[in-house]
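Below you'll find the structure, written out as structure tokens, and then a few comments.
Quick note on labels: first sequence line is chain A, next is B, and so on, each numbered from 1. Here the structure is a predicted model, which is why all the values come from computation and not from measurement.
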Protein chains: 2
Amino acid sequence: MSITIDPYTAVPKYYQLASILRQKIEEGEWQPRSPIPSERQLEVMYHISRTTIREAIDSLVQQGFLYREHGRGTFVSPRKLQKGWMELTSFSEDLLKRGMQPGQIIRSLTQVIPPVNVLKRLELAPGSTVCRIERIRLADGTPIGLQTSYLALGTGQEITLEDLESSGSLYRILSDKFNIHPSEADETLEVTLATPQEAELLDIPPGAPLLLSERVLFSQERHPIEYVKILYRGDRYQYYTHLKRRE
Amino acid sequence: MSITIDPYTAVPKYYQLASILRQKIEEGEWQPRSPIPSERQLEVMYHISRTTIREAIDSLVQQGFLYREHGRGTFVSPRKLQKGWMELTSFSEDLLKRGMQPGQIIRSLTQVIPPVNVLKRLELAPGSTVCRIERIRLADGTPIGLQTSYLALGTGQEITLEDLESSGSLYRILSDKFNIHPSEADETLEVTLATPQEAELLDIPPGAPLLLSERVLFSQERHPIEYVKILYRGDRYQYYTHLKRRE
DNA sequence: CTGGTAATGTGGTCACTACCAGTTATATTA
DNA sequence: TAATATAACTGGTAGTGACCACATTACCAG
């Protein structure tokens with residue numbers, strides 16, 4: 001990450017500036033609640049137009065790093081709000097962020113005709129086949145969740161056991177191999193109790209409370225990509241989210 | 001909602017335009033996945049500069065109503081993604097959106113010195129007093145959750161029983177009476193089991209699974225306002241979010 | 001000391017301009 | 001006819017210049 005703007009690279013200037021500013025925030029050079037240089041000052045400092053400055057600041061405000069006060073200035077958000085931005089993350093990313101080591105036991109990888117509710121959520125025609133992946137998810141080596149994914153892939157697109165075992169993260173495979181970039185998701189959370197089978201796999205007593213997450217993942221083009229159901233051990237998992245009020 | 005831009009009002013043009021476009025989307029005039037007029041066309045249609053057009057479209061893209069494709073156009077997001085935007089909502093708002101009637105039984109409203117972990121989350125000095133509200137939350141008349149709020153109000157700011165009973169929504173009181181506008185929140189969700197007291201209040205058997213939500217609410221100025229803990233009946237409540245991937 | 005006022009600095013809005021970078025349809029050419 | 005080039009779109013990035021709305025400060029009159 002440079003400390004000046006390079007006008008000859010393909011990277012947009014507003015993006016370069018945003019990176020520079022974010023770095024100063026993350027490294028603590030600019031303390032929480034203190035003002036950053038004004039837009040006119042930044043204009044001189046980096047020889048960029050105010051239009052571009054504002055575009056950079058806009059994105060950081062959007063991401064919660066900065067906040068503006070009309071007539072006063074632009075300020076660094078207090079730590080609390082900098083991290084844990086409401087992000088769509090994969091299981092692996094999620095766990096790594098919490099400082100735990102993600103792992104998995106792949107139970108099956110098959111082509112199946114999914115249940116109708118799954119078909120509906122994936123906006124597929126009845127009888128369509130999808131790729132189903134069953135995995136036990138591990139945190140620091142111990143089971144933490146049971147995950148069942150249904151993937152709506154294009155014809156010819158296929159995920160192999162090797163892909164899964166080498167990368168671990170489904171999102172990475174989608175991105176690298178198929179150029180599908182997860183963008184948004186709808187998720188519901190509720191409470192259930194473990195069936196004997198689930199209890200066995202998760203190494204908990206039958207009837208223990210579980211956190212059930214159901215998520216439909218959408219690509220950048222807003223096509224449903226994946227329906228995934230995860231049963232988390234209630235005693236070992238906490239769901240975190242950051243909410244923003246509209247307007 | 002007008003259908004033309006009024007240059008003489010205090011409402012910014014980009015905001016007026018965004019409202020017009022959003023209306024056309026919500027009323028179905030523009031169908032999902034179909035392109036909206038190009039930015040150059042809108043420039044002519046509404047006699048607004050492209051800068052302003054893009055600002056309006058930006059906000060709608062941000063809110064998930066539209067999506068852009070470089071070189072192709074700007075399109076209406078499919079229905080699925082238009083609604084249920086990841087919003088910070090109050091309990092009442094939340095329930096109303098699900099088509100249920102919110103209600104409450106106020107169990108207590110007192111000034112207390114909260115537990116240390118609450119003080120910490122509210123960034124208050126040890127020994128500070130806050131307003132505590134205990135409520136049983138109802139959906140269509142039946143108990144659905146136990147809510148305990150700790151409010152960090154300014155000196156002289158006070159919430160009365162009448163306020164609560166007449167409005168029902170704490171967010172509305174904060175907004176109307178104190179000019180405090182909830183903006184963001186950190187929330188965690190986990191699973192617990194009902195204690196005998198909790199079970200009694202929620203009309204469920206002791207040991208029944210509950211969804212425990214803990215939320216810290218922040219004002220526009222990023223000051224912590226409220227720490228609230230809600231125990232939801234596991235059999236009657238489902239949590240919903242919409243996630244977006246960063247970048 | 002108090003209250004008003006003007007200067008100055010901040011972010012907010014908007015117009016106009018230019019060019020770049022993808023996409024698509026059409027015309028051209030082999 | 002089929003491949004290729006081109007023109008005419010689309011959104012993306014960037015600069016300049018202007019004025020507005022709000023906050024803070026310093027100064028002045030009472």
**Message:** The side chain of B:Ser49 is closest to which nucleotide in this list: C:dG11, D:dT16, C:dC16?
**Reply:** C:dC16
**Fill in**
From CZ of A:Arg72 across to C1' of C:dT8 the rounded distance in Å is 16 Å
**Item:** Aromatic ring of A:His70 stacked on base six-ring of C:dG12, 5.5 Å, 30°
**Value:** no
**Request:** Take atom CD1 of B:Ile36 and atom P of D:dT10, then tell me their distance rounded to the nearest Å.
**Result:** 12 Å
**Message:** Taking any heavy-atom pair under 4.0 Å as a contact, classify A:Ile57: base, sugar-phosphate, or nothing.
**Reply:** nothing
**Message:** Is a donor from one side chain sitting under 3.5 angstrom from an acceptor on the other, for A:Tyr14 and A:Asp58?
**Reply:** no
**Complete:** Taken to the nearest whole Å, CD/A:Glu55 to P/C:dT13 is 15 Å
**Message:** Under 3.5 Å, is there a donor on one side chain and an acceptor on the other for A:Tyr239 and B:Glu187?
**Reply:** no
**Message:** With a 4.0 Å limit, can you tell me whether A:Thr52 has a side-chain N or O closer than that to the phosphate oxygens OP1/OP2 of D:dG15?
**Reply:** yes
**Request:** Using atom CZ of B:Arg50 as one end and atom P of D:dT13 as the other, report the distance to the nearest whole Å.
**Result:** 11 Å
**Prompt:** Rounded to the Å, how far apart are A:Phe75 CZ and D:dA23 P?
**Reply:** 11 Å
**Complete:** Rounded to whole Å, the CD-C1' distance (B:Glu43 to D:dC9) equals 15 Å
**Prompt:** Have B:Tyr227 and B:Arg132 got a donor and an acceptor in their side chains that come within less than 3.5 Å?
**Reply:** no
**Prompt:** Salt bridge between A:Glu43 and A:Arg50, side-chain N to carboxylate O under 4.0 Å?
**Reply:** no
**Item:** Presence of A:Arg68 side-chain N/O under 4.0 Å of C:dT10 phosphate oxygens OP1/OP2
**Value:** no
**Request:** Write down the distance between CD1 (A:Ile53) and C1' (D:dT16), rounded to a whole number of angstrom.
**Result:** 14 Å
**Prompt:** Does a side chain donor of either B:Tyr46 or B:Gln41 reach within less than 3.5 Å of an acceptor in the other side chain?
**Reply:** no
**Item:** Spacing of B:Tyr46 atom OH relative to C:dA15 atom C1', expressed in whole Å
**Value:** 19 Å
**Message:** Taking 4.0 Å as the cut-off, does a side-chain nitrogen or oxygen of B:Gln41 come that near to OP1 or OP2 on D:dT10?
**Reply:** yes
**Message:** Can you tell me which nucleotide in D:dG11, D:dG15, D:dT10 comes closest to the side chain of B:Thr74?
**Reply:** D:dG11
**Prompt:** Has the side chain of B:Ser38 got a donor or acceptor that lies under 3.5 Å from a partner of the other kind on the base of D:dC9?
**Reply:** no
**Item:** 5′-ward residue of the pair B:Arg54/A:His47 relative to DNA chain D
**Value:** B:Arg54
